[in-house]
Amino acid sequence: QVQLVQSGAEVKKPGASVRVSCKASGYTFKNYVISWVRQTPGQGLEWMGWISTYSDEKKFAQKFQGRVTMTADASTSTAYMELRSLRSDDTAVYYCARDRDPYTYVYGYWGQGTLVTVSS
Amino acid sequence: DIQMTQSPSSLSASVGDRVTITCRASQGISDSLAWYQQKPGKVPKLLIYAASTLQSGVPSRFSGSGSGTDFTLTISSLQPEDVATYYCQKYNNAPFTFGPGTKVDI
(Lines give C-alpha, C1' and ligand atoms only; values in the text may rest on other atoms or scores of the structure.)
Protein backbone atom coordinates (compact mmCIF):
# COMPACT_ATOMS: atom_id res chain seq x y z
CA GLN A 1 0.00 0.00 0.00
CA VAL A 2 1.12 3.55 -0.65
CA GLN A 3 2.85 5.14 2.33
CA LEU A 4 4.50 8.49 2.84
CA VAL A 5 6.53 8.67 6.05
CA GLN A 6 7.87 12.05 7.11
CA SER A 7 10.68 13.03 9.41
CA GLY A 8 10.08 14.09 12.98
CA ALA A 9 9.17 17.38 14.60
CA GLU A 10 11.67 20.23 14.51
CA VAL A 11 12.25 23.34 16.62
CA LYS A 12 14.15 26.14 14.92
CA LYS A 13 15.17 29.68 15.71
CA PRO A 14 14.12 32.59 13.50
CA GLY A 15 16.43 32.94 10.52
CA ALA A 16 17.37 29.27 10.49
CA SER A 17 16.52 26.64 7.88
CA VAL A 18 14.60 23.39 8.19
CA ARG A 19 14.60 20.32 5.98
CA VAL A 20 11.71 17.87 6.07
CA SER A 21 11.93 14.45 4.43
CA CYS A 22 9.19 12.28 2.98
CA LYS A 23 9.99 8.62 2.29
CA ALA A 24 7.66 6.94 -0.17
CA SER A 25 6.86 3.26 -0.50
CA GLY A 26 4.31 0.99 -2.12
CA TYR A 27 4.51 2.45 -5.62
CA THR A 28 6.99 3.43 -8.34
CA PHE A 29 8.49 6.67 -6.99
CA LYS A 30 9.30 8.21 -10.37
CA ASN A 31 5.72 7.89 -11.65
CA TYR A 32 4.25 10.57 -9.37
CA VAL A 33 5.13 14.09 -8.32
CA ILE A 34 5.44 14.92 -4.64
CA SER A 35 3.69 18.05 -3.43
CA TRP A 36 4.08 19.95 -0.17
CA VAL A 37 1.21 21.54 1.76
CA ARG A 38 1.41 23.29 5.12
CA GLN A 39 -1.12 24.08 7.82
CA THR A 40 -0.49 26.85 10.32
CA PRO A 41 -1.96 26.44 13.82
CA GLY A 42 -5.72 26.56 13.71
CA GLN A 43 -5.67 27.60 10.08
CA GLY A 44 -6.31 26.07 6.70
CA LEU A 45 -4.24 24.26 4.11
CA GLU A 46 -1.65 26.17 2.09
CA TRP A 47 -0.17 24.72 -1.09
CA MET A 48 3.59 25.25 -1.28
CA GLY A 49 4.68 23.55 -4.48
CA TRP A 50 5.57 20.29 -6.18
CA ILE A 51 8.53 18.44 -7.61
CA SER A 52 8.58 15.89 -10.38
CA THR A 53 10.46 12.84 -9.16
CA TYR A 54 11.08 11.91 -12.81
CA SER A 55 12.32 15.11 -14.43
CA ASP A 56 13.20 17.25 -11.39
CA GLU A 57 10.80 19.92 -12.71
CA LYS A 58 9.44 22.10 -9.91
CA LYS A 59 6.68 24.61 -9.36
CA PHE A 60 6.37 26.77 -6.25
CA ALA A 61 3.70 29.05 -4.86
CA GLN A 62 4.85 32.63 -5.36
CA LYS A 63 4.81 33.19 -1.61
CA PHE A 64 7.67 30.72 -1.15
CA GLN A 65 9.74 31.52 -4.26
CA GLY A 66 13.36 32.08 -3.32
CA ARG A 67 12.95 30.64 0.16
CA VAL A 68 12.04 27.00 -0.55
CA THR A 69 13.97 24.16 -2.14
CA MET A 70 12.44 20.84 -3.11
CA THR A 71 14.50 17.84 -4.07
CA ALA A 72 13.90 14.16 -4.73
CA ASP A 73 16.23 11.19 -4.43
CA ALA A 74 14.95 8.31 -6.54
CA SER A 75 17.60 5.94 -5.16
CA THR A 76 15.94 6.13 -1.72
CA SER A 77 12.41 7.12 -2.84
CA THR A 78 12.65 10.17 -0.62
CA ALA A 79 11.59 13.74 -1.24
CA TYR A 80 12.85 16.73 0.69
CA MET A 81 11.55 20.22 1.36
CA GLU A 82 13.88 22.87 2.75
CA LEU A 83 12.56 26.23 3.94
CA ARG A 84 15.07 28.99 4.71
CA SER A 85 15.01 32.25 6.65
CA LEU A 86 12.38 30.91 8.99
CA ARG A 87 9.99 33.30 10.73
CA SER A 88 7.56 32.71 13.56
CA ASP A 89 4.69 32.58 11.10
CA ASP A 90 6.31 29.56 9.43
CA THR A 91 5.32 27.55 12.49
CA ALA A 92 3.09 24.91 10.94
CA VAL A 93 2.53 21.27 10.18
CA TYR A 94 4.16 20.45 6.85
CA TYR A 95 2.67 17.64 4.76
CA CYS A 96 3.97 15.83 1.72
CA ALA A 97 1.28 14.46 -0.58
CA ARG A 98 1.02 12.28 -3.66
CA ASP A 99 -1.45 12.51 -6.51
CA ARG A 100 -4.29 10.06 -6.75
CA ASP A 101 -3.40 9.66 -10.45
CA PRO A 102 -0.16 10.87 -12.06
CA TYR A 103 0.06 14.62 -12.61
CA THR A 104 -3.50 15.34 -11.46
CA TYR A 105 -2.56 17.22 -8.26
CA VAL A 106 -5.52 15.62 -6.50
CA TYR A 107 -4.00 14.43 -3.27
CA GLY A 108 -5.07 10.89 -2.54
CA TYR A 109 -2.17 10.12 -0.22
CA TRP A 110 -0.65 12.21 2.54
CA GLY A 111 2.28 11.91 4.89
CA GLN A 112 1.59 12.04 8.60
CA GLY A 113 2.78 15.63 8.84
CA THR A 114 5.84 17.24 10.43
CA LEU A 115 5.43 19.98 13.01
CA VAL A 116 7.97 22.75 12.58
CA THR A 117 8.08 25.25 15.43
CA VAL A 118 9.93 28.52 14.93
CA SER A 119 10.71 30.23 18.20
CA SER A 120 13.52 32.22 19.75
CA ASP B 1 -4.11 33.79 -9.15
CA ILE B 2 -7.56 32.27 -8.74
CA GLN B 3 -9.00 32.70 -5.24
CA MET B 4 -11.18 30.08 -3.54
CA THR B 5 -13.89 30.95 -1.04
CA GLN B 6 -16.16 28.71 1.00
CA SER B 7 -19.42 29.29 2.82
CA PRO B 8 -20.38 29.02 5.52
CA SER B 9 -17.15 29.12 7.52
CA SER B 10 -18.82 26.91 10.12
CA LEU B 11 -22.13 25.21 10.73
CA SER B 12 -23.85 23.14 13.33
CA ALA B 13 -26.46 20.57 12.37
CA SER B 14 -28.23 17.58 13.83
CA VAL B 15 -27.63 13.92 13.10
CA GLY B 16 -29.60 13.00 9.99
CA ASP B 17 -29.67 16.54 8.61
CA ARG B 18 -28.79 17.34 5.01
CA VAL B 19 -25.74 19.60 4.95
CA THR B 20 -24.54 21.69 2.01
CA ILE B 21 -21.21 23.50 1.72
CA THR B 22 -20.45 25.91 -1.09
CA CYS B 23 -17.11 26.60 -2.75
CA ARG B 24 -16.60 29.41 -5.24
CA ALA B 25 -13.65 30.10 -7.56
CA SER B 26 -12.86 33.66 -8.64
CA GLN B 27 -12.47 32.41 -12.23
CA GLY B 28 -13.73 29.34 -14.05
CA ILE B 29 -11.90 26.11 -13.32
CA SER B 30 -14.10 23.68 -15.30
CA ASP B 31 -14.57 20.63 -13.05
CA SER B 32 -11.04 20.66 -11.58
CA LEU B 33 -12.27 20.75 -8.00
CA ALA B 34 -11.59 18.37 -5.13
CA TRP B 35 -13.04 18.13 -1.63
CA TYR B 36 -11.12 16.97 1.45
CA GLN B 37 -12.23 16.11 4.98
CA GLN B 38 -9.93 16.77 7.92
CA LYS B 39 -10.91 15.47 11.33
CA PRO B 40 -9.33 17.11 14.39
CA GLY B 41 -5.69 16.13 14.72
CA LYS B 42 -5.78 14.02 11.57
CA VAL B 43 -4.43 14.17 8.04
CA PRO B 44 -6.69 15.48 5.26
CA LYS B 45 -8.61 12.80 3.40
CA LEU B 46 -9.73 13.00 -0.23
CA LEU B 47 -13.51 12.73 -0.57
CA ILE B 48 -14.37 13.89 -4.09
CA TYR B 49 -12.46 14.89 -7.23
CA ALA B 50 -13.49 16.12 -10.66
CA ALA B 51 -16.20 18.03 -8.78
CA SER B 52 -18.49 15.02 -8.44
CA THR B 53 -16.51 11.75 -8.49
CA LEU B 54 -16.53 9.95 -5.17
CA GLN B 55 -13.15 8.64 -4.03
CA SER B 56 -13.12 4.89 -3.45
CA GLY B 57 -14.27 3.95 0.05
CA VAL B 58 -16.04 7.23 0.78
CA PRO B 59 -19.63 6.78 1.99
CA SER B 60 -22.31 7.48 -0.58
CA ARG B 61 -23.94 10.11 1.66
CA PHE B 62 -21.23 12.46 0.36
CA SER B 63 -21.78 13.99 -3.06
CA GLY B 64 -20.40 16.87 -5.06
CA SER B 65 -21.69 18.99 -7.89
CA GLY B 66 -20.87 22.08 -9.89
CA SER B 67 -18.70 23.32 -12.70
CA GLY B 68 -17.02 26.56 -13.68
CA THR B 69 -17.00 28.77 -10.59
CA ASP B 70 -19.63 27.35 -8.22
CA PHE B 71 -19.45 24.02 -6.47
CA THR B 72 -21.23 22.25 -3.63
CA LEU B 73 -20.46 19.41 -1.26
CA THR B 74 -23.53 17.72 0.19
CA ILE B 75 -23.81 15.31 3.08
CA SER B 76 -27.23 13.76 2.66
CA SER B 77 -27.62 12.52 6.23
CA LEU B 78 -25.09 13.90 8.70
CA GLN B 79 -23.45 11.32 10.96
CA PRO B 80 -21.46 11.88 14.17
CA GLU B 81 -18.28 10.74 12.43
CA ASP B 82 -18.66 13.54 9.86
CA VAL B 83 -17.57 16.17 12.41
CA ALA B 84 -14.61 17.71 10.60
CA THR B 85 -13.40 20.64 8.58
CA TYR B 86 -14.03 20.40 4.85
CA TYR B 87 -11.77 22.02 2.26
CA CYS B 88 -12.17 22.51 -1.46
CA GLN B 89 -9.11 22.67 -3.74
CA LYS B 90 -8.69 23.80 -7.33
CA TYR B 91 -6.27 21.82 -9.48
CA ASN B 92 -6.71 23.04 -13.05
CA ASN B 93 -3.34 24.79 -12.89
CA ALA B 94 -0.85 25.98 -10.29
CA PRO B 95 -1.11 27.31 -7.67
CA PHE B 96 -3.39 24.51 -6.45
CA THR B 97 -5.15 26.67 -3.90
CA PHE B 98 -7.33 25.37 -1.09
CA GLY B 99 -10.44 27.09 0.20
CA PRO B 100 -10.41 28.43 3.78
CA GLY B 101 -12.45 25.50 5.09
CA THR B 102 -15.89 24.87 6.57
CA LYS B 103 -16.09 23.45 10.07
CA VAL B 104 -19.00 21.08 10.62
CA ASP B 105 -20.22 20.30 14.14
CA ILE B 106 -23.09 18.26 15.53
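Each chain gets a letter, A, B and so on, in the order its sequence line appears, and its residues count up from 1.
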Task: hydrophobic_cluster_shared for Val11(A) and Val116(A), side chain cutoff 4.5 Å - done: no

Open item on the list: Taking every non-hydrogen pair under 4.5 Å, which of Pro95(B), Gly99(B), Ala50(B) racks up the most with chain A?
Closed with: Pro95(B)

Task: Taking every non-hydrogen atom, the tightest pair across Phe96(B) and Tyr107(A) - done: CD1-OH, 3.9 Å

Task: Closest contact, heavy atoms only, Pro44(B) versus Tyr95(A) - done: CD-CZ, 4.1 Å

Open item on the list: Show the nearest heavy-atom pair for residues Leu45(A) and Gln38(B), with the distance to one decimal.
Closed with: CD2-OE1, 4.4 Å

TODO: Under the side-chain hydrogen bond (donor to acceptor under 3.5 Å, both in side chains) rule, collect the residues that match up with Thr53(A), sequence neighbours excluded.
DONE: none

Open item on the list: Is Val93(A) close to chain B through its backbone or its side chain, or both, or neither, when contacts mean heavy atoms under 4.5 Å?
Closed with: neither

TODO: May I ask you to name which of Lys59(A), Gln39(A), Met48(A) has the most heavy-atom pairs under 4.5 Å with chain B?
DONE: Gln39(A)

Open item on the list: Once rounded to the nearest 0.5 Å, what's the spacing between atom OH of Tyr36(B) and atom CH2 of Trp110(A)?
Closed with: 6.0 Å

- [ ] Assess whether atom OH of Tyr54(A) is packed by more than 12 heavy atoms of other residues, nucleotides or ligands within 6.0 Å.
- [x] no

Open item on the list: If hydrophobic clusters are built from ILVMFWY residues whose side chains come within less than 4.5 Å, do Tyr80(A) and Met70(A) share one?
Closed with: no

Open item on the list: According to a hydrophobic-cluster definition based on side-chain heavy atoms being under 4.5 Å apart (Ile, Leu, Val, Met, Phe, Trp, Tyr only), do Trp36(A) and Leu46(B) belong together?
Closed with: no

Open item on the list: Is it the case that over 12 heavy atoms from other parts of the model lie below 6.0 angstrom from the NZ atom of Lys103(B)?
Closed with: no

Task: Taking every non-hydrogen atom, the tightest pair across Gln43(A) and Tyr87(B) - done: O-OH, 3.7 Å

Task: Val20(A) reachable from Val68(A) in the ILVMFWY side-chain graph, under 4.5 Å edges - done: yes

- [ ] Can you establish whether the number of heavy atoms outside Gln65(A) located under 6.0 Å from its atom CD is more than 12?
- [x] yes

Open item on the list: At a 4.5 Å cut-off on heavy atoms, which part of Thr104(A) comes close to chain B: side chain, backbone, both, or neither?
Closed with: backbone

- [ ] Provide the closest heavy-atom pair for Val106(A) versus Ala34(B) in the form atom of the first, atom of the second, distance.
- [x] CG1-CB, 4.3 Å

Task: Glu46(A) side chain near Phe98(B) side chain, heavy-atom distance below 4.5 Å - done: no

Task: Gln89(B) side-chain N/O to Trp47(A) backbone N/O, donor-acceptor pair under 3.5 Å - done: no

